[in-house]
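Below: the structure, in structure tokens.
Numbers restart at 1 for each chain; the letters A, B, ... are given by sequence-line order, proteins then strands. Just so it is clear, the structure is predicted and the values come from calculations on it, not from any experiment.
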Amino acid sequence: EVQVLESGGGLRQPGGSLRLSCEGFGFSFNSYAMSWVRQAPGKGLEWVSGISGNGDRTHYADSVKGRFTISRDKSKDKVYLQMNSLRGEDTAFYYCTRSPYTHAWYWFDHWGQGTLAIVSS
Amino acid sequence: QSVLSQPPSASGTPGQRVTISCSGSSSNIGSNSANWYQQLPGAAPKLLIYGNSQRPSGVRDRFSGSKSATSASLAITGLQPEDEADYYCAAWDDSRGGWVFGGGTKLTVL
């Protein structure tokens with residue numbers, strides 16, 4: 001069974017950093033693109049970032065470009081989201097998603113349960 | 001303000017047919033496929049429709065999708081109480097080089 005599991009959420013002050021992790025189970029991790037989608041409490045979905053299966057292409061939403069970095073570790077079947085210069089508007093549940101192919105422009109066929117990042121002083 | 005436009009709410013009675021619209025532009029729905037996600041209360045989103053009109057395994061055929069030019073629609077027939085959820089459309093946007101979502105439609109089963 002395909003599963004993705006996020007971890008690393010927590011409370012940080014504005015200007016701080018946080019690293020989210022996502023581990024994949026039940027599939028050949030390095031063959032699939034992975035993305036992060038976030039949802040502020042009570043709000044809608046917002047795509048944050050995506051990375052291709054082999055890690056050679058990354059994509060970012062304008063709202064996080066220059067502050068967030070997506071990467072993947074092929075040996076650990078993990079993808080990471082390094083979040084720097086955090087702002088209050090980054091407070092959200094962060095969902096890790098899988099695309100059915102190697103490129104990040106395909107839909108999200110599997111979602112994790114989400115990890116909550118709170119940015120507050 | 002979301003790049004894709006959806007009505008904030010929709011409703012219907014059990015057994016009815018409901019449609020939810022999603023309006024985009026030439027750079028997103030106009031040139032890429034529309035996809036739909038269902039988010040039940042307190043749960044993570046789940047893929048409902050991909051490639052404009054394809055259903056993943058396990059999704060009931062009461063759910064269907066269509067696309068015309070720069071707009072897409074989700075139709076739900078034989079509405080059931082368990083369909084009460086938030087529904088989001090999404091598409092890859094060539095101009096932005098990333099995904100865009102609709103603001104979501106809250107479906108209420110009366």
Quiz item: Does any heavy atom of chain A fall under 4.5 Å from the side chain of B:Pro45, the backbone, both, or neither of them?
Solution: both
Practice problem: Report, by ascending residue number, the residues of residues 88-110 of chain B in heavy-atom contact with chain A at a distance under 4.5 Å; give 'none' if the set is empty. | Solution: B:Tyr88, B:Trp92, B:Gly97, B:Gly98, B:Trp99, B:Phe101, B:Gly103
What closest approach, in Å, do [X] and [Y] show between heavy atoms, and which atom pair accounts for it?
| X | Y | value |
| --- | --- | --- |
| A:Arg72 | A:Ser52 | NH1-O, 2.7 Å |
| B:Ile49 | B:Gly65 | CD1-N, 4.0 Å |
| B:Ala75 | B:Thr19 | CB-CG2, 4.0 Å |
| A:Pro100 | A:Tyr106 | CD-CB, 3.9 Å |
| B:Ser33 | B:Asn52 | CA-OD1, 3.3 Å |

Quiz item: Can the ring centres of B:Trp36 and B:Phe63 be said to be less than 6.0 Å apart?
Solution: no
Quiz item: Is the number of heavy atoms from other residues, nucleotides or ligands within 6.0 Å of NZ (A:Lys65) greater than 12?
Solution: yes
Quiz item: Would you find more than 12 non-hydrogen atoms of other residues, nucleotides or ligands less than 6.0 Å from B:Arg55 atom CZ?
Solution: yes
Quiz prompt | Closest-packed option against chain B by number of heavy-atom pairs under 4.5 Å, given A:Ala104, A:Ala61, A:Gly50 | solution = A:Ala104
Exercise. Output yes when a side-chain donor or acceptor of A:Gln113 lies under 3.5 Å from a complementary backbone atom of A:Leu5, and no otherwise.
Key: no
Practice problem: Take A:His103 and A:Tyr101, measure what side-chain contact (heavy atoms from CB on, under 4.5 Å) needs, and give me the verdict at the end. | Solution: CA-CA 6 Å; A:His103 296 295; A:Tyr101 303 104; 5.7 Å; no
Self-check item: Contact check, side chains of B:Ser66 and B:Ser53, non-hydrogen atoms, under 4.5 Å
Solution: no
Quiz item: Heavy atoms, side chains only, cut-off 4.5 Å: are A:Tyr60 and A:Thr69 in contact?
Solution: yes
Quiz item: chain B contacts: which residues in residues 13-40 of chain A have a non-hydrogen atom closer than 4.5 Å to it?
Solution: A:Val37, A:Gln39
Quiz item: Looking only at heavy atoms, which of residues 76-98 of chain A get nearer than 4.5 Å to chain B?
Solution: A:Tyr95
Exercise. Between chain A and each of B:Asn32, B:Asn35, B:Leu47, count heavy-atom pairs under 4.5 Å; write down the option with the most.
Key: B:Leu47
Quiz prompt | Common cluster, A:Phe68/A:Leu45, ILVMFWY with side-chain heavy-atom separation under 4.5 Å | solution = no
Exercise. Kindly state each residue pair satisfying salt bridge (charged side-chain N to carboxylate O under 4.0 Å, His left out) with at least one member in residues 60-74 of chain B, sequence neighbours excluded.
Key: B:Arg62-B:Asp83
